[in-house]
> 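Submitted below is the structure of interest, expressed as structure tokens.
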Amino acid sequence: MDIIEQRVGVPPHIAGPAATFAFFAFFLIKKMGLFTNTNHFPVEGKTILITGASEGMGLAAAILLAKKGASLILVSRNVGRLEEALVKVTAAARSPSKQRFTYISADVSEPNYAESVIAQAIAWNAGAAPDIVWCIAGLSSPMLWADPANDSIAATRRNMDVNFFGSAEMSRAILKEWLAPENKPKDTGVIGQKPEPKHIVFTASMLALFAIVGYGPYTPSKWALRGLADTLNMELRMYPDHPVKIHVVYPGTITSPGLERENKTKPQITLELEKEEPAESPETVAERALKGLEKGQYNVTVSTLGDLMRCGILGGSERNNWVWDTVVGWVVPVIYFFVIRIMNAQVAGWARVNGHPHVKKAAA
Ligand SMILES: NC(=O)C1=CN([C@@H]2O[C@H](COP(=O)(O)OP(=O)(O)OC[C@H]3O[C@@H](n4cnc5c(N)ncnc54)[C@H](OP(=O)(O)O)[C@@H]3O)[C@@H](O)[C@H]2O)C=CC1
Ligand SMILES: CCCCCCCCCCCCCCCC(=O)[C@@H](N)CO
């Protein structure tokens, strides 16, 4: 009897490691959020400042956050469009009696714009800084870099001023507030429980994960945002009593007013290459971005292709999930072996058919 039982039972040299593996697998899967549904980005009752909130993705994000119960400060330049946006955002409020909405007109490309925007926001918000800042203002001037007909350098400076410095200055102005010793958040009263973190969300682009021809003036400004975000993400460990989370969102093509503007100068080959990633509405992009933020993601993508690209270029960036990101990160270089060859061949093929890119073909 004893002998039979020993034969059918799992031998101890397998059972031990198997139990250990199961134990760790359970915690890894748990960390992946499969068993828990914690919202890491609660917005109800919070005050959120959004730049670029009058159109496109920024407006869609503002409406979505109003529906979720947040108070909002909309920032962009054109007052007429801000007024219109304010009406839409106010109409979307979940509890109109508890939420408040306003706008501040500012040009994010102006040096030192952010300190005054934050000061105005604090004055409006009864002396308290916004809890969340989402930088969405941006522009894109697609063109061929080396074409003498294009002033690529002037365009690059403009893209840097709006996309990079517009977000960089805002992050510095709000961090100076949040991290000031006198602004240390109150204890929650529960032992071991930290106060809720503040959040800075930057908006980059899938092009900050995979660059393609035609976006020379734009792509570097979005890569620069990643560099800043990774830096801040480490620096913020120096302020354990002032919890702040950094996030970067990487949208693909958004069917926004901005896209209509940029498509006027977009090289044909660029249009062809970016067809690989289907365009999405501002509402869809805002919703998917918010889902990622709610899951507590650091680098937030809004499509499968975007997520593959994210895992393919993690470097020293914070992982959303160590197991997923690492395993996918091993697979992506194999996909790239083919993708990069195909795309480069597509660009070379375009030139074979269309001739020298600087010589405009006479209409047939
Ligand atoms: N559209 C796309 O395909 C993609 C866009 N992105 C990025 O997503 C973000 C949103 O894009 P999208 O929805 O197309 O944006 P839109 O171009 O449609 O809207 C831009 C918003 O930003 C404001 N804005 C522009 N320049 C400034 C400035 N100098 N100062 C203050 N506000 C400014 C605009 O208002 P006003 O003009 O009145 O100032 C408007 O509210 C941008 O950062 C963009 O780079 C990323 C991937 C793809
Ligand atoms: C796993 C690897 C697959 C690689 C496939 C490559 C496909 C390239 C798609 C690029 C899409 C770019 C969208 C962002 C556009 C943008 O930011 C501008 N419109 C700015 O406004």
Side-chain angles (χ1 to χ4, degrees), residues 50-62 74-85 103-110 113-114 117 134-142 158-159 161-167 169-170 201-215 217-219 221-222 225 248-263 266 270-283 285-286 289 301-313 328-329 331-340 342-344 346:
I50 303 181
T51 72
S54 65
E55 276 187 340
M57 177 189 167
L59 176 58
L74 317 177
V75 180
S76 67
R77 291 165 305 177
N78 187 294
V79 173
R81 276 200 294 272
L82 278 167
E83 299 264 4
E84 285 171 33
Y103 67 76
I104 298 171
S105 167
D107 183 340
V108 303
S109 68
E110 285 287 327
Y113 84 96
V117 168
W134 192 342
C135 300
I136 310 188
L139 94 162
S140 173
S141 337
R158 179 74 191 142
N159 279 245
D161 279 343
V162 179
N163 301 347
F164 177 69
F165 284 104
S167 306
E169 289 211 8
M170 179 50 77
V201 187
F202 293 124
T203 307
S205 157
M206 270 169 72
L207 293 168
L209 307 169
F210 189 103
I212 63 171
V213 57
Y215 282 111
Y218 170 84
T219 297
S221 70
K222 298 296 193 180
L225 276 178
V248 188
V249 179
Y250 299 87
T253 305
I254 310 168
T255 53
S256 65
L259 182 69
E260 273 170 42
R261 280 189 289 271
E262 71 179 60
N263 278 350
K266 195 174 280 174
T270 307
L271 283 166
E272 277 175 34
L273 293 181
E274 72 184 13
K275 265 196 230 133
E276 299 306 321
E277 174 69 5
E280 303 285 358
S281 71
E283 292 73 24
V285 174
T301 57
V302 295
S303 71
T304 306
L305 205 56
D307 208 53
L308 288 174
M309 290 175 175
R310 179 184 66 80
C311 294
I313 197 170
V328 176
V331 177
V332 174
V334 181
I335 304 176
Y336 276 160
F337 178 84
F338 301 100
V339 167
I340 294 170
I342 293 167
M343 288 191 108
N344 282 337
Q346 208 176 332

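Each ligand, and each atom within it, is numbered from 1 in the order the structure gives. Note that the structure is predicted; figures quoted are calculated from it, not measured. FYI, the numbering just counts along the sequence from 1.
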> With a cut-off of 4.0 Å, which atoms of ligand 1 are near a heavy atom of Ser205?
46 (C), 47 (C)

> Below 4.0 Å from ligand 1: does a non-hydrogen atom of Gly166 turn up there or not?
no

> Look only at the side chain of Asp161 and the backbone of Glu110, and say whether a donor-acceptor pair between them is shorter than 3.5 Å.
no

> Which is it for Lys222 and ligand 1 at heavy atoms under 4.0 Å: side chain, backbone, both or neither?
side chain

> Can you confirm whether Leu259 sits close enough to Ile254 that some side-chain heavy atom of one is under 4.5 Å from a side-chain heavy atom of the other?
no

> What is the nearest protein non-hydrogen atom to atom 32 (N) of ligand 1, stated with its residue, atom name and distance?
Ser76 CA, 3.5 Å

> For Ser303 and Glu277, test the side chains for any donor-to-acceptor distance below 3.5 angstrom and give the result as yes or no.
yes

> So is there a nitrogen or oxygen of Leu139 less than 3.5 Å from a nitrogen or oxygen in ligand 1?
no

> Going by heavy atoms, is Gly258 under 4.0 Å from ligand 2?
no

> CD of Glu260 to CG of Asn263: how many Å apart, nearest 0.5 Å?
8.0 Å

> Could you establish whether Gly252 and ligand 1 come within less than 4.0 Å of each other, counting only heavy atoms on the residue side?
yes

> Side-chain contact test, heavy atoms from C-beta onward, threshold under 4.5 Å: evaluate it for Cys135 versus Val201 and give yes or no.
no

> Among protein heavy atoms, which lies nearest atom 27 (C) of ligand 1, and at what distance?
Arg77 NE, 3.5 Å

> Just need the protein heavy atom nearest to atom 33 (C) of ligand 1, so name the residue and atom and give the distance.
Ala137 CB, 3.8 Å

> Under 3.5 Å between some N or O of ligand 1 and some N or O of Gly258?
yes

> What is the nearest protein non-hydrogen atom to atom 23 (C) of ligand 1, stated with its residue, atom name and distance?
Gly52 CA, 3.6 Å

> Out of all atoms in ligand 1, which are within 4.0 Å of some heavy atom of Gly138? Include the element for each.
42 (C), 43 (O)

> If we only count N/O pairs under 3.5 Å, is Ile136 in contact with ligand 1?
yes

> Any idea which atoms of ligand 2 are less than 4.0 Å away from a heavy-atom of Ser140?
20 (C), 21 (O)

> Going by the order shown, which atoms of ligand 1 are within less than 4.0 Å of some heavy atom of Asp107?
28 (C), 29 (N), 30 (N)

> Please determine whether any non-hydrogen atom of Tyr218 lies less than 4.0 Å from an atom of ligand 1.
yes

> Return the closest protein heavy atom for atom 31 (C) of ligand 1 as residue, atom name and distance.
Ala106 O, 3.2 Å

> Suppose I only count heavy atoms of Arg261 and a 4.0 Å limit; which atoms of ligand 1 are within that range?
16 (P), 17 (O)

> Would you say ligand 2 has an N or O under 3.5 Å from any N or O of Tyr215?
yes

> Counting N and O atoms only, with roles assigned by atom type, does the side chain of Tyr218 sit under 3.5 Å from a partner on the main chain of Pro142, one being a donor and the other an acceptor?
no

> List ligand 1 atoms under 4.0 Å from Met57, heavy atoms only on the residue side.
13 (O)

> Hey, is Pro282 one of the residues with a heavy atom under 4.0 angstrom from ligand 1?
no

> Which atom names give the shortest non-hydrogen contact between Pro217 and Asn159, and what distance separates them?
O-CB, 3.1 Å

> In this structure, does ligand 1 have an atom that sits under 4.0 Å from one of the heavy atoms of Asn163?
no

> Counting C-beta onward and ignoring hydrogens, is there a side-chain heavy-atom pair between Ser109 and Arg158 closer than 4.5 Å?
yes

> When you measure from the side chain of Thr219 to the backbone of Tyr215, do you find a donor-acceptor pair of N or O atoms at a distance under 3.5 Å?
yes

> Measure the shortest side-chain to side-chain distance between Met57 and Pro251 over non-hydrogen atoms and say whether it is less than 4.5 angstrom.
yes

> Is Glu110 close enough to touch ligand 1? Criterion: a residue heavy atom under 4.0 Å from a ligand atom.
no

> Please say whether Glu262 places an N or O atom under 3.5 Å from an N or O atom belonging to ligand 2.
yes

> Please state which protein non-hydrogen atom is closest to atom 40 (C) of ligand 1 and give its distance, to 0.1 Å?
Ser54 OG, 3.6 Å

> Minimum heavy-atom separation for Ala61 and Ile136, please, with both atom names.
CB-CD1, 4.0 Å

> Are any non-hydrogen side-chain atoms of Val108 and Glu169 less than 4.5 angstrom apart?
no

> Which heavy atom of Ala106 sits nearest a heavy atom of Val117, and at what distance?
CB-CG2, 3.5 Å

> Answer with yes or no whether Val332 contacts ligand 2, where contact means a heavy atom under 4.0 Å from a ligand atom.
no

> Any salt bridge linking Asp307 with Arg310? Criterion: basic side-chain nitrogen under 4.0 Å from a carboxylate oxygen.
yes

> Could you tell me, atom by atom, which parts of ligand 2 come under 4.0 Å of a heavy atom of Leu207?
12 (C), 14 (C), 15 (C), 16 (C), 17 (O)

> For a 4.5 angstrom cut-off between non-hydrogen side-chain atoms, does Thr203 reach Trp134?
yes

> What atoms in ligand 1 come closer than 4.0 Å to a heavy atom of Thr253?
3 (O)

> At what distance is the nearest protein heavy atom to atom 8 (C) of ligand 2, and which residue and atom is it?
Met343 CE, 4.0 Å

> What protein heavy atom sits nearest atom 14 (C) of ligand 2, and how far off is it?
Ser205 OG, 3.5 Å

> Of the side chain and backbone of Leu305, name the one, both, or neither that has a heavy atom under 4.0 Å from an atom of ligand 2.
side chain

> With a cut-off of 4.0 Å, which atoms of ligand 1 are near a heavy atom of Ala204?
7 (C), 46 (C)

> If you measure from each non-hydrogen atom of Val339 to ligand 2, which part falls under 4.0 Å: side chain, backbone, both or neither?
side chain

> Output yes when the distance from some N or O of ligand 1 to some N or O of Ile254 is under 3.5 Å, and no in every other case.
yes

> Taking distance alone, with N or O pairs closer than 3.5 Å, would you say Glu262 contacts ligand 1?
no

> Of the listed options (Tyr250, Tyr336, Phe338, Tyr218), which comes nearest to atom 20 (C) of ligand 2 when hydrogens are ignored and any heavy atom counts?
Tyr218

> Nearest protein heavy atom to atom 38 (O) of ligand 1, by residue and atom, and its distance?
Asn78 N, 2.9 Å

> Considering only heavy atoms, does Lys222 approach ligand 2 within less than 4.0 Å through its side chain, its backbone, both, or neither?
neither

> Is there a side-chain contact between Thr301 and Met309 in this structure, where contact means two heavy atoms from C-beta onward sitting under 4.5 Å apart?
no

> Quick one, Glu274 with Thr253, criterion side-chain contact (heavy atoms from CB on, under 4.5 Å). Give me CA distance, side-chain angles, the key distance, then yes/no.
CA-CA 8 Å; Glu274 72 184 13; Thr253 305; 4.2 Å; yes

> Please name the pair of heavy atoms, one in Ala62 and one in Leu74, separated by the smallest distance, quoted to 0.1 Å.
CB-CD2, 3.8 Å

> Could you tell me which atoms of ligand 1, counted from 1 in the order shown, lie closer than 4.0 angstrom to a heavy atom of Ser256?
1 (N), 12 (P), 13 (O), 14 (O), 18 (O)

> If I apply the N/O under 3.5 Å rule, does Val108 come out as touching ligand 1?
yes

> Under 4.0 angstrom from ligand 1, any heavy atom of Thr203?
yes

> Kindly indicate whether the side chain of Tyr250, heavy atoms from C-beta on, has any atom under 4.5 Å from the side chain of Val302.
no

